[in-house]
2 protein chains.
Amino acid sequence: MYTCQGPHHIGLEVQPEDALGSPSNEDSPVRRETLSRDRVLSAAIECADSNGIESLSMRSLAQELGVVPMALYKHVTNKDDLLDGMIEAVVGEIVSDPTTGEWKHDVRQRILAARAALRRHAWSRAVLESRSAMTPAMLDYLDSLTGLFLAGGLSVDLTHHVMHALGNRMWGFSQDLFAATPRSDTQSFNTQRAALPRQHPHLAEIARAALRDEPGSGAGPGCDEQSEFEFALDLVLDGVGILHATGWSSASAT
Amino acid sequence: MYTCQGPHHIGLEVQPEDALGSPSNEDSPVRRETLSRDRVLSAAIECADSNGIESLSMRSLAQELGVVPMALYKHVTNKDDLLDGMIEAVVGEIVSDPTTGEWKHDVRQRILAARAALRRHAWSRAVLESRSAMTPAMLDYLDSLTGLFLAGGLSVDLTHHVMHALGNRMWGFSQDLFAATPRSDTQSFNTQRAALPRQHPHLAEIARAALRDEPGSGAGPGCDEQSEFEFALDLVLDGVGILHATGWSSASAT
DNA sequence: GACCCGAGGTGTACGACGTACACCTTCACT
DNA sequence: AGTGAAGGTGTACGTCGTACACCTCGGGTC
């Protein structure tokens, strides 16, 4: 955790012999080791993982590291750079299974791997979507994914359009706009639920069916997020497979 | 525009007879009319439209309305409520074409209508995605969209999954992760562009093809955002059509 | 006319936040 | 011993959302 900042360091009061006289003795790290970009980034990631991205500030991060806020700016140019570094690290966590040559299978694996990595860090979706420019790791991932389509024999034309069509689904998230009313107090939740059928009959019908199929299965109102994601992904990939098989090209489109 | 705050109102200095003595004479509104939730919301929308959502603060909005910041809180409980009200208004702008009974066509129309409404307000995508709970207008839209599938004869099971599969595409945006490096300075843009082919051969290949097809057609690196969106939408809808025609159900899925 | 009451606008203030800028340590290398 | 840079500190500024106490009206009741 490292929330210690134990000896109440004021920068001068630290005893030199105890702290610096035994650099090889790390059983009681009264003197923290020097900062680095990596240490800042992993502390930031850890903090965002456990406390949520909205409570990650330069000040709280500095405190977590037992350091004054401005110290971070020696390793990170500003907060945007910090966020870029964080997603860079998370995207770098995506593991690439060996390819089989069957493009649909390979793409599926790769995207599910991305999903697994990004889901380990709940904040990554929001941060990724808020960035305007791409980081190197993002470009690497995108390039490898594109390569899988091309290796499968899809035309660059079709591949291009498919990458657009995947949209943010290529990162493994799907937005889940049905899992709304997530954490609101039970009061308003119940009144809303009660008022739903008359106001929104179609939504009510779906909710009823979903609840019947998987009663109280935890996540959301009876929806298995993972299988919903895979359903949507396969829908797109199968559609692309058909276009590929029938020789689609953008010139011949409607 | 209403950036005036002309007579430098201090609340007391306003002349009663000039301002209040002629309520029917609105040619020189030296006394601003009273605030209301609607006036606050439409000023906020106007401000976000022209200056971007990131520069919309309670303070700037109050200034735009010629009012002290805290005055807004008489009409809006807090900034989140303001944002909710703004998207509520924008989503309410979605026009519903008359339905034809052909579900694929109707859904397509409805989603493109949503796209048109949300694109009039560039900030709406980010705000919509940042909200956790749904507003009434959002529920209305979702319900009507769901109703189109059900009216077309799709099972509630399939409809449910399709709504999930549409994800945020049902609101008419697609994230466009290929239009990256949007406004960065030409310096780094060029170096990045130069370094791209060796680092990311597949992306380079696609970029080359796209540039050849539509050389310098403005928007992004040769991508027509609108047709990309429609491509992806049709891909999903056609896929759903196939599932529907072949009697898909979640029980029979792999 | 006197009263009051509540809706709506004001003023001040607090505790976040990101970060500019000048400073001080420390340490490797000359 | 001397120097210069790398890394940590302290202070300060401007911005944000908003709590809280106030003031000012216009309209309803007695």
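Reminder, nothing fancy here: chain letters follow the sequence lines and each chain counts from 1. Note that the structure is predicted; figures quoted are calculated from it, not measured.
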Mind checking the NE2-OG1 spacing from A/His200 to B/Thr146? Nearest 0.5 Å is all I need.
10.5 Å
Tell me the interatomic distance from B/Glu54, atom CD, to D/dC16, atom C1', rounded to whole angstroms.
14 Å
Listed partners of A/Arg115 passing side-chain contact (heavy atoms from CB on, under 4.5 Å), at least two apart
A/Leu112, A/Arg119, A/Glu225, A/Gln226, A/Phe229
By salt bridge (charged side-chain N to carboxylate O under 4.0 Å, His left out) - contacts of B/Glu93 (at least two apart)
B/Arg120
Rounded to the nearest angstrom, tell me the gap between atom NE2 in A/His75 and atom C1' in D/dA5.
14 Å
Residues passing the salt bridge (charged side-chain N to carboxylate O under 4.0 Å, His left out) test with B/Asp38, sequence neighbours excluded, are none
Check the distance between C/dA7's P and B/Arg37's CZ and give it to me in whole angstrom.
16 Å
Residue set satisfying side-chain hydrogen bond (donor to acceptor under 3.5 Å, both in side chains) with B/Ser42, at least two apart, ordered chain then number -> none
Could you give the NZ-to-P distance, from B/Lys74 to D/dA21, as a whole number of Å?
13 Å
Starting at CG of A/Asn51, measure out to CG of A/Leu56 and round the result to the nearest 0.5 Å.
9.0 Å
With B/Pro136 via side-chain contact (heavy atoms from CB on, under 4.5 Å) - residues at least two apart
B/Glu88
Note the angle between the end axes of the helix from C/dG1-D/dC30 to C/dT30-D/dA1, five pairs defining each, rounded to 10 degrees.
20°
Going by the rule ring-ring contact (aromatic ring centres under 6.0 Å, His included), which residues pair with A/His121 if we only count those two or more places apart in sequence or in a different chain?
A/Trp123
Any salt bridge (Lys or Arg N to Asp or Glu O under 4.0 Å) pairs touching residues 129-138 of chain B, not counting sequence neighbours?
B/Asp80-B/Arg131, B/Asp84-B/Arg131, B/Arg125-B/Glu129
In whole angstrom, what separates B/Leu82's CG from D/dT18's C1'?
14 Å
Counting only side-chain nitrogens and oxygens, does B/Thr34 get under 4.0 Å of the OP1 or OP2 atom of C/dA7?
no
Whole-Å distance, A/Leu65 CG to D/dG7 P, equals 15 Å
Provide, to the nearest angstrom, the distance between the CG atom belonging to A/Leu35 and the C1' atom belonging to C/dT25.
15 Å
I'd like a list of close polar pairs between nucleotides 16-20 of chain C and the protein, N/O only, cut-off under 3.5 Å.
| unit_1 | atom_1 | unit_2 | atom_2 | d |
| --- | --- | --- | --- | --- |
| C/dC17 | OP1 | A/Ser57 | OG | 3.1 |
| C/dG18 | OP1 | A/Met58 | N | 3.4 |
| C/dG18 | OP1 | A/Lys79 | NZ | 2.8 |
| C/dG18 | OP2 | A/Met58 | N | 2.9 |
| C/dG18 | N7 | A/Arg59 | NH1 | 2.4 |
| C/dG18 | O6 | A/Arg59 | NH1 | 3.2 |
| C/dG18 | O6 | A/Arg59 | NH2 | 3.4 |
| C/dT19 | OP2 | A/Tyr73 | OH | 3.0 |
| C/dT19 | OP2 | A/Lys79 | N | 2.9 |

